[in-house]
4 protein chains.
Amino acid sequence: MIIALKNQVRKEEQEHLIHWLESYGVRTHISEGEFQTIIGLIGDTTRIDTDLISGLDIVESVTRISEPFKKANRKFHPDDTVVRVTDQVAFGGGNFQLIAGPCSVESEEQVSVIARAVQQSGAGVLRGGAFKPRTSPYDFQGLHEEGIRILLEAKQRTGMPIITEIMDIGHLPLFEEVDIIQVGARNMQNFELLKELGRLHKPVLLKRGLANTIKELLMSAEYIMAGGNEQVILCERGIRTYETYTRNTLDLSAVAVLHELSHLPVVVDPSHATGAARYVRPMSLAAAACGADGIMIEVHNDPQHALCDGPQSLTPEQFAEVAAAVRRVREVIQ
Amino acid sequence: MIIALKNQVRKEEQEHLIHWLESYGVRTHISEGEFQTIIGLIGDTTRIDTDLISGLDIVESVTRISEPFKKANRKFHPDDTVVRVTDQVAFGGGNFQLIAGPCSVESEEQVSVIARAVQQSGAGVLRGGAFKPRTSPYDFQGLHEEGIRILLEAKQRTGMPIITEIMDIGHLPLFEEVDIIQVGARNMQNFELLKELGRLHKPVLLKRGLANTIKELLMSAEYIMAGGNEQVILCERGIRTYETYTRNTLDLSAVAVLHELSHLPVVVDPSHATGAARYVRPMSLAAAACGADGIMIEVHNDPQHALCDGPQSLTPEQFAEVAAAVRRVREVIQ
Amino acid sequence: MIIALKNQVRKEEQEHLIHWLESYGVRTHISEGEFQTIIGLIGDTTRIDTDLISGLDIVESVTRISEPFKKANRKFHPDDTVVRVTDQVAFGGGNFQLIAGPCSVESEEQVSVIARAVQQSGAGVLRGGAFKPRTSPYDFQGLHEEGIRILLEAKQRTGMPIITEIMDIGHLPLFEEVDIIQVGARNMQNFELLKELGRLHKPVLLKRGLANTIKELLMSAEYIMAGGNEQVILCERGIRTYETYTRNTLDLSAVAVLHELSHLPVVVDPSHATGAARYVRPMSLAAAACGADGIMIEVHNDPQHALCDGPQSLTPEQFAEVAAAVRRVREVIQ
Amino acid sequence: MIIALKNQVRKEEQEHLIHWLESYGVRTHISEGEFQTIIGLIGDTTRIDTDLISGLDIVESVTRISEPFKKANRKFHPDDTVVRVTDQVAFGGGNFQLIAGPCSVESEEQVSVIARAVQQSGAGVLRGGAFKPRTSPYDFQGLHEEGIRILLEAKQRTGMPIITEIMDIGHLPLFEEVDIIQVGARNMQNFELLKELGRLHKPVLLKRGLANTIKELLMSAEYIMAGGNEQVILCERGIRTYETYTRNTLDLSAVAVLHELSHLPVVVDPSHATGAARYVRPMSLAAAACGADGIMIEVHNDPQHALCDGPQSLTPEQFAEVAAAVRRVREVIQ
């Protein structure tokens, strides 16, 4: 971290700041220029609040050289993390998975038909929403407990691990047999929830928030990891912009940036990002081409009648075709 | 709601859609053009999911004429809502309040000094953070229970009602004597929390999310109101853009838009919006000038040493000057 | 176009509006509901200004069903447009091109070395900036006339067609032998320039503006096409968001959307979009995977010393590897 | 400027970089830390391209301490610039002006009626569009030469100075008697146009671009000023976000930031920013309250029939009321 002081700062003020900084266990290095004094901090600056320092009267600017995340940082953990879900299913370090299933769990029949179909096409994980975050209180909110029960039944029948979204700490007991807990975009900075998930020994798929930066996504991963749970899968699902033809703007460069900054696996969700089934194929191939460790795709046996987000679901047949094309792309990108 | 069908839709498909729509209790009106059939829906369309319909194969486009919020909607409730906190303190319907206090509660001494000062300058409500949402798990997270205790003590001494932020449903018991519960930007779409607050009989100040639209803010208010708690105060606190000189971009036109669309009072938080004490005065005056029902300002007796967000705090002396100027502006805008 | 009137509009006002609308040559269809009257417009509504109508006192809302672009619209021109640059080089309709070269033209030596290298690796078009739009008036602005001369010399030696950016109508005479004229992001809505280019018989590569929507990009293409020049190549080069790890956010879903809405070829520029050489490979592969008709890549024989935008340039060796990988991806995506 | 080098940079590379930097006339100051070497640059770094340096292999990060604008910078010119248009009309340094008039010039009759009305209500400058930048080539593009003639006639009759927008260098001869030349949002980075305006001796009102930062606005002002024309008026007119209730998001904090960073006067355009007449009053009062040096308001004697942008125009009566309220606010904000 580098702190540039304003002109004509009094000696005592400068000393006072330096003492305070050193109380955090960092060493300081001062270069006095003609017009400007610069303080360099050496050591672990993670705990130093740049907002606080940049607000001081005597400070002109503060620059972080090193990122404020540590456990999620590739610098301190150069090898890819492999998040192992079952013996057969893992993400990262060369392991790639298709996650597929309906947006919302509607019935045993529905989940069972879809689960078998996507398993046959090569999906490794079954997804399905039991708790649904909806903008309107009048929209369908999911089957809750019953939804999780239906997913667990499909898991038992097919052997596929399941992923489903959590919306509140209070629901955690229902997730005991869920294989991967999903944190949705709207909860990416629900810090109390993240802390709680940090105490579990279970993979967490953390979606990037609606308008959050890559750095904030990694800081939220850090919340979970700081608690002891290092099995975090990051997920790019589109960010909010002024473009309206797609629901969100899928930021595929985030895949490359996340792989550079962090050792955690990165999954892409083209269904929610674009909000339209017809864009899922091209965006899935693009995600595979730029190195994603997994793709999460909504599949519905009857997309026209899905209770929510139907428009963005593929049919099982379409999914099978996309899955095959994704595999072909993955084979040629090395 | 208006649904435009694609060309050459089969009669049965069209009928099927109309039956389904009418099952929601709305009436339909069909205009058959040469190239296009248009279905108009008459009645309460709040419960109809436009995303779902726009995804149907036979549908070209869907347009909502009426807003999907009802209880927060000025159309159904033309008079301003007055949120009454105490006998002396109310928001809306001509009632204006300054909310002031430190970003974080640090000590009894600090809160007590600031509370007395801002009360003397005309603040009606005392603010202070006990639970602090911080991007980094390594930053100061607030005094929690102890912080609320300190606020309640200041309330007892000064008679000022207090507002403080909640971050999780589980903490609700600690908020029993808190006068206004604040929902922060990051929790604006924490729907489970909103539902829970809808069951209380206590004013809730709901901050606009980091990158949420005005409509989404009103839908979140609707979550609280749908549960029975209609004492909601809306708060504009800046939204995320590509501009970096200010922490967020304060959207003051939201005050005018919210007053048009809704009957709920609207408060502005220039401290968090700009992130810099030197912009708080001009933005407070602007907020007053465009009709805000309250302004929430961070005040710290020693801004340089605040544990968090110090840079954006005013001193008690600066606050007194701003409060007086705000009053002068309010007097001349009618 | 569908116009919903407000409640209780007087008969004369409604008639007045309808006459005015019909003066544009469209037919109207009125549906009178209990609470609302809806006017449907049938025919060519391209010339009707929705902003104007939505401002009328008697109008509640206006919705365009059909897009306001016509010549660029796939509905009226279902087959892909093939923009033919030379006998060997074309974009669209299955024709794919790599465009490569330095950000800025610096010297004959430089351009000649790079041109030969990228040609050998399969690039079809040589790029190079002679006029450089720079945010600061103190930054290098390009070699201007001399830059174009150098490019034309390289064209003569290698036979490669060249593309270079125009910044002002007044410079047009210098572009006579340039094969493709590039309109940069900052000039996407320089309408006078677009009109002028509409009078030429020469391919134009039109870059999406810094923060422009897909619809606005197509409207700008329409400006060129309305003048008679239908040889327009669209280019996605990243849009401005709050993300700061990449210079812009590359919106690859725009490729799929543009292919759906328009028949024009779509090229992707990962170099400017990301601003970093290390992200060019993954984003190039992703662009190829989602169906781009071309990729424009900055290549510099000495990226460390490029006069501008060096950080985002590949070496000729890196380009050769990326070009080969792009070809492999293109082979497997059908 | 501060350059942090990567670990383990070779001595020769470091020396090479330092020599290159010093060739720009700056002095360097090196601090060697245990893990990192930091180079501080002292002197005028305006001409040094940070993008270029940050791309070098040996560089970890580059931070500008001082802003890259110089002539527009308050640091080097602490007193407010007063842009004097006529003997009576000036902007900045305590001088405040209302600019009013129709969006588009339609007829002599129209301009003459409006000019007289707004003059009586206290407007100091008459606005009116002769060249109109429109997203669609099929929308009304302005009366061009005839429009300017009409404005000049109104100027002669009323004595009001006039402002109108330029869209291309080639039209400059038509602007000889125009008092203030407006550069619209879409041309804020039309650098060739800016350079040309820098050669004039005439006030230029420079609008902030659709999605441009405050720093970019100042860099564009710098383009004009670097050419010798220092009579630049900055204009905030809303920026593009995801909010859709207003046409753009008016960034009033930009007024405070611009006044801090620059000595140039700042005008606000609430009509274009919000796109709706009903928001013009609250946003005008807010602009006055936060210290704007002028407000530009669209006024039309028949807003329902304006050829463009009618919805956002006030009637002359509404304007008179707003003008009076603005004056009252300005009196109480000191």
Side-chain angles (χ1 to χ4, degrees), chain A residues 46-47 49 51-52 54-57 68-70 131 133-141 167-171 185-196 198 209-212 215-216 219-220 222-223 225-227 239-240 247 275-277 303-313, chain B residues 46-47 49 51-52 54-57 68-70 131 133-141 167-171 185-195 198 209-212 215-216 219-220 222-227 239-240 247 275-277 303-313:
Chain A
T46 322
R47 272 153 229 274
D49 192 336
D51 274 1
L52 179 54
S54 68
L56 300 178
D57 262 0
F69 45 92
K70 219 171 142 175
F131 292 90
R134 306 302 305 274
T135 305
S136 167
Y138 310 119
D139 285 348
F140 175 62
Q141 312 262 327
M167 283 179 63
D168 188 68
I169 294 176
H171 302 150
R186 288 177 187 77
N187 279 311
M188 192 200 90
Q189 295 194 315
N190 183 336
F191 299 122
E192 297 300 310
L193 176 60
L194 300 179
K195 283 185 210 168
E196 202 64 31
L210 207 59
N212 284 109
K215 187 175 125 184
E216 288 169 343
M219 291 310 295
S220 285
E222 191 81 10
Y223 257 98
M225 298 172 87
I239 55 173
R240 176 162 277 183
R247 183 188 295 168
Q304 305 293 340
H305 293 93
L307 287 178
C308 94
D309 286 342
Q312 70 203 20
S313 293
Chain B
T46 322
R47 272 153 229 274
D49 191 337
D51 275 1
L52 179 53
S54 69
L56 300 177
D57 261 0
F69 46 93
K70 221 172 142 175
F131 291 90
R134 304 302 307 273
T135 305
S136 166
Y138 309 119
D139 285 347
F140 174 62
Q141 313 262 326
M167 284 178 63
D168 189 68
I169 294 176
H171 302 149
R186 289 177 186 77
N187 277 311
M188 193 201 88
Q189 295 194 315
N190 183 338
F191 300 122
E192 297 299 310
L193 176 60
L194 299 179
K195 283 185 211 169
L210 206 61
N212 283 109
K215 188 175 125 186
E216 288 167 344
M219 292 310 295
S220 284
E222 191 81 9
Y223 257 97
I224 300 170
M225 298 171 88
I239 55 173
R240 176 163 277 183
R247 185 188 295 168
Q304 305 294 340
H305 293 94
L307 288 178
C308 92
D309 285 343
Q312 71 202 19
S313 294

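So you know, we letter chains A, B, ... as the sequences are listed, proteins then strands, and number each from 1.
At a 4.5 Å heavy-atom cutoff, the contact between A:Pro133 and chain B is made by backbone and side-chain atoms alike. For a residue to count as touching a neighbouring chain, one of its non-hydrogen atoms must lie under 4.5 Å from one of that chain's; by this rule A:Lys195 touches chain B with the side chain only. Both the backbone and the side chain of A:Arg186 come within less than 4.5 Å of a heavy atom of chain B.
When every heavy atom of B:Tyr138 is checked against every heavy atom of A:Ala226, the shortest pair comes out as OH-CB, 4.1 Å. Heavy atoms only, all atoms of each residue included: A:Arg240 and B:Ala211 are closest at NH1-O, 2.7 Å.
Note: A:Leu193 CG to B:Asn187 CG = 10.0 Å, rounded to the nearest 0.5 Å. Summarising the geometry, atom CE belonging to B:Met219 is positioned 7.0 Å from atom CG belonging to A:Asp139; distances are rounded to the nearest 0.5 Å.
For A:Phe69, there are no ring-ring contact (aromatic ring centres under 6.0 Å, His included) partners at least two apart in sequence or on another chain.
Two residues are said to be in side-chain contact when any heavy atoms from C-beta on lie closer than 4.5 Å; A:Leu210 and B:Leu210 fail this criterion. At least one side-chain heavy atom of B:Met167 sits under 4.5 Å from a side-chain heavy atom of A:Phe191.
If you tally non-hydrogen atom pairs under 4.5 Å between each of B:Gln141, B:His171, B:Lys70, B:Lys215 and chain A, the highest count goes to B:Gln141.
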